[in-house]
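See structure below.
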Amino acid sequence: SVVSGGVRYNATYCLLTNGKIVNFKTQSRNCLRPDYSRINFPEPGNKYQTPLGFLPMNELKTKATKTGTAMEDVSDLNTYFSSTKVLNNRVYYFSGFGDYTISDPITFLNNVASNGSGAGTIVVAGNLHVNANLFYEDSKLIGKIGNLASVAFIVLGDVIIDPAVDHLVGSWLVLGNDSLEACLNGTNICGQFSTGNDTAAPTQLTVQGLVLARKFNLQRNFRQGLEAAEKFIYDGRVNVNTPPGLSSVSFNLPQWNGQ
């Protein structure tokens with residue numbers, strides 16, 4: 001939450017921990033739960049099976065291979081994704097490098113084909129550096145709900161956002177390739193979501209979707225009235241048009257009613 005003068009609060013949240021919640025101020029204690037049991041994170045050790053759901057990682061890679069969307073020689077995702085993209089219910093699997101980049105803006109489009117899908121899953125087997133904005137098509141959807149653009153990113157490393165980026169979309173599952181203990185010890189590639197230090201040019205970041213990560217580095221310094229430096233806005237697309245591989249996970253997410 002953002003505190004100004006020690007009395008103003010402007011975040012909606014629910015904090016669940018398996019220990020004490022300390023050094024945190026809030027106007028309400030209705031959703032502070034320090035007695036919450038730890039939920040294991042999806043990782044190779046548990047075959048990506050946890051109470052949060054199951055991620056079929058092997059099946060996702062197989063599907064990408066069959067459709068020709070498994071890339072082993074591309075480190076910049078824009079080499080494959082143009083400035084606009086219809087996902088068409090495909091899995092895009094990037095491997096072969098330790099670091100990947102989104103260097104130019106991407107707009108994910110609704111699929112106007114009668115039986116087309118606007119959903120898709122992008123798997124990155126390494127760190128992902130996001131250096132440009134990501135958007136959904138800004139137009140009214142005419143057709144079936146399955147035509148709606150809905151993207152998921154599964155990152156087997158860290159997500160590092162450039163401080164100039166101000167808008168992202170999608171369901172982000174930042175899994176890393178190491179353990180929770182590695183994150184606690186400050187080890188990279190453990191599944192960290194870092195928003196970028198914007199000290200030189202304070203910039204608000206809006207994430208339209210959701211983020212699941214082992215560790216959040218909320219680095220923005222933007223301050224303007226009661227506005228938050230980082231805004232995470234759950235839009236429910238993962239529920240209404242679930243990207244490939246996320247059906248089990250989306251079942252356990254909050255349902256969205258548009259209010």
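Positions are given from 1 along the sequence.
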* Kindly determine whether Ile154 and Leu175 satisfy side chain to side chain contact (heavy atoms under 4.5 Å, CB included), including the steps that lead there. => CA-CA 7 Å; Ile154 300 177; Leu175 306 184; 3.9 Å; yes

* Stepwise side chain to side chain contact (heavy atoms under 4.5 Å, CB included) test for Ile102 and Asn131 -> CA-CA 6 Å; Ile102 295 175; Asn131 298 332; over 6 Å; no

* CA sep, side-chain torsions, deciding dist, call: Glu227, Arg223, salt bridge (Lys or Arg N to Asp or Glu O under 4.0 Å) -> CA-CA 7 Å; Glu227 285 293 313; Arg223 294 182 64 182; over 6 Å; no

* To do: Could you please spell out the steps behind the side chain to side chain contact (heavy atoms under 4.5 Å, CB included) verdict for Phe153 and Leu173?
  => CA-CA 6 Å; Phe153 291 87; Leu173 281 66; over 6 Å; no

* **Criterion side chain to side chain contact (heavy atoms under 4.5 Å, CB included) on Trp172 and Leu212, from CA distance to verdict** => CA-CA 6 Å; Trp172 296 77; Leu212 170 69; over 6 Å; no

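Side-chain heavy atoms closer than 4.5 Å link hydrophobic residues (I, L, V, M, F, W, Y) into clusters, and following such links, possibly through other members, connects Val169 to Leu87. Note on Val86 and Val151: separate hydrophobic clusters, where clusters join Ile, Leu, Val, Met, Phe, Trp and Tyr whose side-chain heavy atoms are under 4.5 Å apart, directly or indirectly. Cluster annotation: Val174 and Ile160 are assigned to distinct hydrophobic clusters (Ile/Leu/Val/Met/Phe/Trp/Tyr, side-chain heavy-atom contacts under 4.5 Å, transitive). One hydrophobic cluster, built from ILVMFWY side chains closer than 4.5 Å, holds both Leu168 and Val211. No path of Ile, Leu, Val, Met, Phe, Trp and Tyr side chains, each step under 4.5 Å between heavy atoms, connects Phe193 with Val123, placing them in separate hydrophobic clusters.
No hydrogens or angles considered: nothing links the side chains of Asn241 and Ser150 as a donor-acceptor pair under 3.5 Å. For the residue pair Thr69/Thr67, the side-chain donor-acceptor check at 3.5 Å is satisfied. No hydrogens or angles considered: a donor-acceptor pair under 3.5 Å links the side chains of Tyr234 and Asn239. There is no side-chain donor-acceptor pair under 3.5 Å between Thr203 and Asp166. With hydrogens and angles left out, the side-chain atoms of Gln224 and Gln204 include no donor and acceptor closer than 3.5 Å. Inspection of the Thr101 and Asp76 side chains reveals no N or O donor paired with an N or O acceptor under 3.5 Å. Judged purely by distance below 3.5 Å, without hydrogens or angles, the side chains of His129 and Asp99 pair a donor atom with an acceptor atom.
Atom CG of Leu210 and atom OG of Ser171 lie 4.0 Å apart (nearest 0.5 Å). In this structure, CD1 on Ile106 lies 12.0 Å from OH on Tyr136, to the nearest 0.5 angstrom. Between the CG atom of Leu148 and the CD atom of Glu137 there is a distance of 9.5 Å, given to the nearest 0.5 Å. Between Asn197 atom CG and Asp162 atom CG the span is 11.0 Å, to the nearest 0.5 Å. The CG atom of Asn221 lies 4.0 Å from the OG1 atom of Thr199; values are rounded to the nearest 0.5 Å. A distance of 6.0 Å separates CZ in Phe135 from NE2 in His167, rounded to the nearest 0.5 Å.
Annotation: side chain of Val124 is not in contact with side chain of Leu156 (no heavy-atom distance under 4.5 Å). Contact check for Leu77 versus Thr79: no side-chain heavy atoms found under the 4.5 Å cut-off. The shortest side-chain heavy-atom distance between Glu59 and Val91 does not fall under the 4.5 Å cut-off.
The main-chain N or O of Arg237 is found under 3.5 Å from a side-chain atom of Asp235 such that the two form a donor-acceptor pair. Formation of a donor-acceptor pair under 3.5 Å by the Ser194 side chain with backbone atoms of Gly196 is not found in this model. Judged by distance alone, with hydrogens and angles left aside, the side-chain atoms of Asn46 form a donor-acceptor pair with the main-chain N or O of Tyr48 at under 3.5 Å. Checked by atom type and distance alone, the side chain of Asn147 pairs as donor or acceptor with a backbone atom of Ala113 at under 3.5 Å. In terms of modelled atom types and a separation under 3.5 Å, the side chain of Thr121 and the main chain of Pro244 share a donor-acceptor contact. A donor-acceptor pair under 3.5 Å is absent between the side-chain atoms of Asn133 and the main chain of Pro105, judged by distance alone. Between the side chain of Gln192 and the main chain of Lys215, no donor-acceptor pair closer than 3.5 Å is present. Within the 3.5 Å criterion, the main-chain N or O of Gln219 finds a donor-acceptor partner in the side chain of Thr195. Side chain of Asn78 to main chain of Asp104: a donor-acceptor pair is present (N/O by atom type, distance under 3.5 Å, no hydrogens or angles).
The minimum heavy-atom distance linking Gly245 with Leu55 is given by the pair O-CD2, 3.7 Å. Between Arg220 and Pro163, the closest heavy-atom pair is NH1-O, 3.3 Å. The two atoms that bring Gly191 and Ala213 nearest to each other are O-CB, 3.6 Å, heavy atoms only. In terms of heavy-atom proximity, Met71 sits nearest to Gly68 at SD-O, 4.3 Å. Minimum heavy-atom separation, Ala229 to Phe222: CB-O, 3.6 Å. Considering every non-hydrogen atom in both Asn127 and Asp158, the closest pair reads OD1-N, 2.8 Å.
When the ring pair (Phe, Tyr, Trp, His ring centres under 6.0 Å) test is applied to Phe81, the partners found at least two apart in sequence or on another chain are Tyr92.
Its side chain outside the 4.5 Å cluster rule for every partner, Ile233 clusters with none of the Ile, Leu, Val, Met, Phe, Trp and Tyr residues.
The residues Glu43 and Arg214 are annotated as salt-bridged, a charged nitrogen and a carboxylate oxygen being separated by less than 4.0 angstrom.
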